Amino acid sequence: MTTGYGAAIRDGFEYLLANHPSVFTIGQGLWSPWYVGNSMTDLDSQFGRERVIDTPVSELGTTGAALGAALCGYRPIVIHPRVDFMLLAVDQIVTQAAKWRSMFGGQVAAPITVRAIINRGGEQGAQHSQSLQSWFAHIPGLRVVMPSTPTDARDLLIASVLSDDPVLYLDDRWLYGLEEELPPIEERNLAQEGPRLTRTGQDLTLVGSSYSAHLCREAAARLSANGIECDVIDIRVLNPFDASLIIKSAKKTGRVLAVDGDWRTCGMAAEVIASIVEAVDPRVMRASPRRVTLPDAPAPTSNPLERSYYPTVDYIVQRALALVGAQQETFE
Amino acid sequence: MTTGYGAAIRDGFEYLLANHPSVFTIGQGLWSPWYVGNSMTDLDSQFGRERVIDTPVSELGTTGAALGAALCGYRPIVIHPRVDFMLLAVDQIVTQAAKWRSMFGGQVAAPITVRAIINRGGEQGAQHSQSLQSWFAHIPGLRVVMPSTPTDARDLLIASVLSDDPVLYLDDRWLYGLEEELPPIEERNLAQEGPRLTRTGQDLTLVGSSYSAHLCREAAARLSANGIECDVIDIRVLNPFDASLIIKSAKKTGRVLAVDGDWRTCGMAAEVIASIVEAVDPRVMRASPRRVTLPDAPAPTSNPLERSYYPTVDYIVQRALALVGAQQETFE
Amino acid sequence: MRASVESALYETASSLGNLADAERYHEPISVDAADSDALLSGLERMILIRVVEEKIGDMVSQGVVKCPCHLAIGQEAPAVGVAGYVKKGDRVFGAHRSHGHFLALGGSPHGLLAEVQGKDTGVSRGMGGSMHLIDIENNLFGTVPIVGATIPIAVGAGIAAKMDGNGGMAVSFFGDGATEEGAFHESMNLAAVMKAPVLFVCENNFFSSHLHIALRQPDTSVCRYAEAHRVGWARADGNDLAAVRAVTKEAVDAIRAGEGPRFLELVTYRWRGHVGHREDEDVGVKRKDDLTRWKLRDPISRLAVALESLGVLDRPQLKRFWTDAHTVVDEAWNIATHDGYPPAKALLSRVYSGTMARKT
Amino acid sequence: MRASVESALYETASSLGNLADAERYHEPISVDAADSDALLSGLERMILIRVVEEKIGDMVSQGVVKCPCHLAIGQEAPAVGVAGYVKKGDRVFGAHRSHGHFLALGGSPHGLLAEVQGKDTGVSRGMGGSMHLIDIENNLFGTVPIVGATIPIAVGAGIAAKMDGNGGMAVSFFGDGATEEGAFHESMNLAAVMKAPVLFVCENNFFSSHLHIALRQPDTSVCRYAEAHRVGWARADGNDLAAVRAVTKEAVDAIRAGEGPRFLELVTYRWRGHVGHREDEDVGVKRKDDLTRWKLRDPISRLAVALESLGVLDRPQLKRFWTDAHTVVDEAWNIATHDGYPPAKALLSRVYSGTMARKT
Ligand SMILES: Cc1ncc(C[n+]2csc(CCOP(=O)(O)OP(=O)(O)O)c2C)c(N)n1
Ligand SMILES: Cc1ncc(C[n+]2csc(CCOP(=O)(O)OP(=O)(O)O)c2C)c(N)n1
Ligand SMILES: [Mg+2]
Ligand SMILES: [Mg+2]
């Protein structure tokens, strides 16, 4: 039996709430039938509204409250149904939670999990489409997790909540349709999780996270049909960022395409490239690494513009072919 | 007669308030003798407290109000005495102001200037030391300006306020002591401003902005004494980012050290490197580009830790020497 | 206790009283003959809004309109009542549920219907959809879907109006949910302390998405916040155009006289779900029961009957209001359907003034 | 106007009344013999706080202490009064001006004096300085300098206490300036609606940095916010330990009985400038005139005289309180001076559990 990405998230919540009395979840939409897709359906009736708490429209207050409970022995998961709404809570995430351990000398833990949903497309426009993983990956002290498969959606949620550090867990509504057979749940140590090689090949390395990792896998399948074999690396944990697997793969294939569904300037794709450049002898590279990102523009609404705004499998394949073809690239 | 960086900012305010009736300024500390250093001293008595407005402790409300006035024909400058405090206003800066033009079809301007001060060191600790320029450079629609000299501090402030786009202007208290003779004021078009070559050399390119550009200049002087001549590029305008000058310099020197006073992962230094990699044939590079940044840790308070936390001229010189020495770098 | 000590206690309560009772205020509203012209044209405008929103609802249900649409069907009176006191030079801001605000201020149905289809002829040139409306000529300076976001922006417009010094004001429309955002409180304090000419209009429809106000706040009326921030307030039946006009007039007169901000709580109810065309009867406390009764507090029919009794409206004219509205709306829709989409370069050319944005 | 309409107007005002008048409350406080033990040890603790803070002020003025220090000299009573009702299992949060909160709860002078010197033996192991204090054993769960930041955090601790279900509570100390942050309002509403056991303690010292509350808010008393959020409140002379104890006791009893949050406004005044050791007499409205008179509302001497009149304190004992405090403080300071700094690796090893942070 297969399970979808949204349902797998719900499995993660169910496991946590059933097995860890210190876990509770709080945020907007938790008593709603539709607000967070099918990822938390009926948790409130299953575990009670004392542990599955819907809230006023107060992102900053709610996030701060979750942090407070985390300092008192609980493992709260605060829910932001959109990344955009979460930006009102940046102070509590970035200036409070992420720094709490360090600024108190490493003596106390702040095991809050902030779950925010990337919810793009559908002509929702500029204020309802941000993902911003590059922002949060930039913040020391904050672990940033982006699952791209149902299994990871479930198991990395569990690992996030059980981590003693604050974690930002980002899931993407575009992945909710993805189905797979789920292995039994295993409690993993988030500090041991990181990028993973999900396909191997000699010609090119495709790197992405979340929905971009999914696009990379699809692109790799298409490229394989063209005789081009890819390493595909799913970043999974963006911060603290461990580039070693990417570096190893870059040395092997000599070509890297970094794909990210966030903006370009100072984005995660830039980090992937910089990390490679710092560690890989350029002479082993067969082409310079390249990135595929959003253009540096706010999201539009109009459907034709939306279609050219988001990276697609087609576009990745096209860029990959160019990169592989460019045995000798031309630079102006 | 020379003028300091802080006083030059004040000159910029004075010019704007005296010559542009649509300009006003609002924020915390504007009626205080010390809050924003000497950068706004007595502007309230000179121009009246209707145009130089001190406020309640309400960063989000104040920033939104400035944006509102900007939509009505004014050119407000909202002041955040620290970047850290400004994070409470991220929604208004990033989700409102930066997107306003685009999401209303390019029909209206949102000419707000947000001035925030980077105020680090002095054992102030993790919540009073953030700079985060990499965050804001990541946001389409928001121009990001970081002056490194008194002249730029004055003239880029003026250009920011006269720009029809929202601008984040970041000045650094560590530069307030810098003095120089100021040329007459010229109203510049911010859209025409960008990175600037402030010193030329054949051996190495040093790139930085704000205080890091200052460190690069100092390091270049020291390196010159060792017979190593540097191109020094002061980024000045981080977003929209124009890498062309850096690319040109990289092609010339073949070696780049990107220095940034922000954190490493997904930071501006990564962007500099990625932009070079995308545009420069690796065969013209004599060494792989490298970065100097903060470590990925919150700022400490304890003085000995502070001293090892922030990049110094010494450290840049040392990294530059290594880079130049590495005619043939070693990679593991 | 000692002289230096004062204290007070509270019980969770419903200060809204009768206004919260869905059984009440079903009767025709009481109207003043002196105001009948305005009420008549207000009725016509409310009917136009109703028809436009029903059209949009239908097109959403058919999958033709794809952007998220938050319909204000049943809530037409606050928009129209307040708009009646907006003058040239004022600046009005709305939120996610602002079709009514846009149309009440005189916005073009075609501009709205093109925008929800993502057309270049839309009011935001196809870059905003239902949730981002603008119409500077008709004083609408912007509506956006981040809850609470336009409240401080409106305060800034009020500060601008004060600086302009010609009696202009800013108007901020928002819902009961928005009063839970810190931005709302910061804005009220700032407006109060700066005596900014701002009319805060809270349309209290009891719900934020699926959640009833009783589950989000310790009291159902939000005027207590105005009390706290020392902003003069009034509360009225938000489905009674005459009442809305009366409280608005008093507030606007005070604002234009330089007395600083005012706050209105207009109690109303939305007939459709939070987003989309459905009625969402199964969502939220007592929604199904209440909806039926709230439909009897219809701002349109209660006013129409009152105007008929007053003798300033007859059946044929009322019918004409509806048929005219349908004609206008159908025509606007058809035109919009044939309009073009924004050009590809719009993505990068509308981000900055005078600079193209950086491509992928 | 019609039955469905209600309204109200406000004038900018000073609801604080006499408490805002620096000429008043100079006399000894009125004390109850039954409470004399607690008042006596409270006096001793206030003296310790005063002496520690004067020491820190001296060291700041000598340039030995370099981190920003916000002294609460003159404001000792709220910290000590509230701390008297804090029990094991409660969680207390402070802000930038929290030396007093730390010491009132039983924190070690050495831990504080080492921390302000950046020593590894400090309460935050040299990573926090004056503005980041923690002492879990004594129920202090953290103080941080972002204004308002610990208020929602304290609400979360209140939610945790409610879940724990053993009568614990959270305490949030903050200033009048913090009530201007949206976070404060979101927190009050959340605590009210969740009936979380939280004691909100606002030390209203009239100033946020250089700016008097009359320039930041339309009224000088902040209890009106508690009214709006339907949180039971009390206001008291914050320089009267007996009054502070009385309002705290009542509030804490209600909180522990499950009645939800309570709010205290304790009116006080800081003797030193916003930050640093100076008196900053030339900063802010009437500060110089007021300061002289506020020093006559000294929480320490007014209590000491009262206890002497009651016959539970004599001069030699009072003197001993002061000399003992000096001895303790000097000794703690000297030890701290010789303590070591954090090791270099602390920068990267204290960021995550079980993972080193990424180097430059
Ligand atoms: C900051 C933010 N948080 C949450 C949301 C999701 N959201 C959209 S509309 C809405 C309901 C707001 O309720 P109210 O202000 O009463 O307006 P109404 O929908 O009743 O007109 C919510 C919670 C949002 N858009 N922005
Ligand atoms: C979010 C934020 N904004 C501004 C500041 C600067 N600041 C530090 S303390 C302070 C005054 C706060 O006043 P109040 O809350 O009354 O506390 P008091 O200093 O009187 O104890 C301000 C504005 C800050 N630290 N954090
Ligand atoms: Mg509502
Ligand atoms: Mg204060």
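The chains referred to below are lettered A, B, ... by the order of the sequence lines, with proteins before strands, and numbering in each begins at 1. If you're wondering where the values come from, they're calculated on a predicted model, not measured in any experiment.
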State the CE-OG distance between D/Met188 and A/Ser58, to the nearest 0.5 angstrom. 13.0 Å
Measure the shortest side-chain to side-chain distance between A/Ile53 and D/Met194 over non-hydrogen atoms and say whether it is less than 4.5 angstrom. yes
Kindly indicate whether the side chain of D/Arg91, heavy atoms from C-beta on, has any atom under 4.5 Å from the side chain of A/Leu71. no
If I take atom CD1 from residue A/Ile112 and atom CD1 from residue D/Ile153, how far apart are they, to the nearest 0.5 angstrom? 9.0 Å
Is chain A contacted by the side chain of D/Thr143, its backbone, both, or neither, given a heavy-atom distance below 4.5 Å? backbone
Does any heavy atom of chain D fall under 4.5 Å from the side chain of A/Tyr74, the backbone, both, or neither of them? side chain
Please classify the contact between D/Phe184 and chain A as side chain, backbone, both or neither, with a heavy-atom cut-off of under 4.5 Å. neither
Side chain to side chain, A/Pro56 and D/Leu190, heavy atoms closer than 4.5 Å: yes
Given a strict heavy-atom distance threshold of 4.5 Å, which part of A/Asp164 is in contact with chain D: side chain, backbone, both, or neither? both
Does any backbone or side-chain atom of A/Leu142 lie under 4.5 Å from a heavy atom of chain D? Answer side chain, backbone, both or neither. backbone
Given that the side chain runs from C-beta out, which part of A/Phe24 has a heavy atom under 4.5 Å from chain D: side chain, backbone, both or neither? side chain
Best-contacting candidate, D/Leu133, D/Leu347, D/Asn189, against chain A by heavy atom pairs under 4.5 angstrom: D/Leu133
Most chain A-contacting option - heavy-atom pairs closer than 4.5 Å, from D/Glu115, D/His185, D/Met127: D/Met127
Side-chain touch A/Phe104/D/His132, heavy atoms, less than 4.5 angstrom: yes
Whatever's closer than 4.5 Å to a heavy atom in chain D on A/Glu50 counts as backbone
For A/Gly105 and D/Arg350, work out which heavy atoms get closest and say how close. O-CD, 3.4 Å
For the candidates A/Ala191, A/Gly73, A/Gly106, A/Pro240, which exhibits the highest count of non-hydrogen atom pairs separated by less than 4.5 Å from chain D? A/Pro240
Minimum-distance pair of heavy atoms, taken over all atoms of A/Met103 and D/Val144: CE-CG1, 3.6 Å
How long is the span from the OH atom in D/Tyr352 to the CZ atom in A/Arg143, to the nearest 0.5 Å? 6.5 Å
Residues, nucleotides or ligands: over 12 heavy atoms within 6.0 Å of D/Glu137 CD: no
Interchain contact, D/Ala157 with chain A, by part (heavy-atom threshold 4.5 Å): both
Ranking A/Ala69, A/Gly141, A/Ser163 by heavy-atom pairs under 4.5 Å to chain D gives rank one to A/Gly141
Just do the side-chain contact (heavy atoms from CB on, under 4.5 Å) check on A/Gln96 and D/Ile146 with the steps written out, would you? CA-CA 9 Å; A/Gln96 312 305 326; D/Ile146 293 296; 3.5 Å; yes
Atom NZ of D/Lys88 with >12 non-hydrogen neighbours under 6.0 angstrom: yes
With chain A, which of D/Ala170, D/Ala160, D/Ser353, D/Gly122 has the greatest number of heavy-atom pairs at distances under 4.5 Å? D/Ser353
Residue A/Glu59 versus chain D: region with a heavy atom under 4.5 Å: backbone
Which bit of D/Asp164 is near chain A, if near means a heavy-atom gap under 4.5 Å: side chain, backbone, both or neither? both
Minimum heavy-atom separation for D/Phe141 to A/Trp100, with atom names? O-CZ2, 3.5 Å
When D/Ser187, D/Ala149, D/Ala346, D/Ala183 are compared by non-hydrogen pairs under 4.5 Å with chain A, the top option: D/Ala149
Which one wins on heavy-atom pair count under 4.5 Å against chain D: A/Arg51, A/Glu271, A/Lys99? A/Glu271
Atom group of D/Ile136 that falls short of 4.5 Å from chain A, counting heavy atoms: side chain
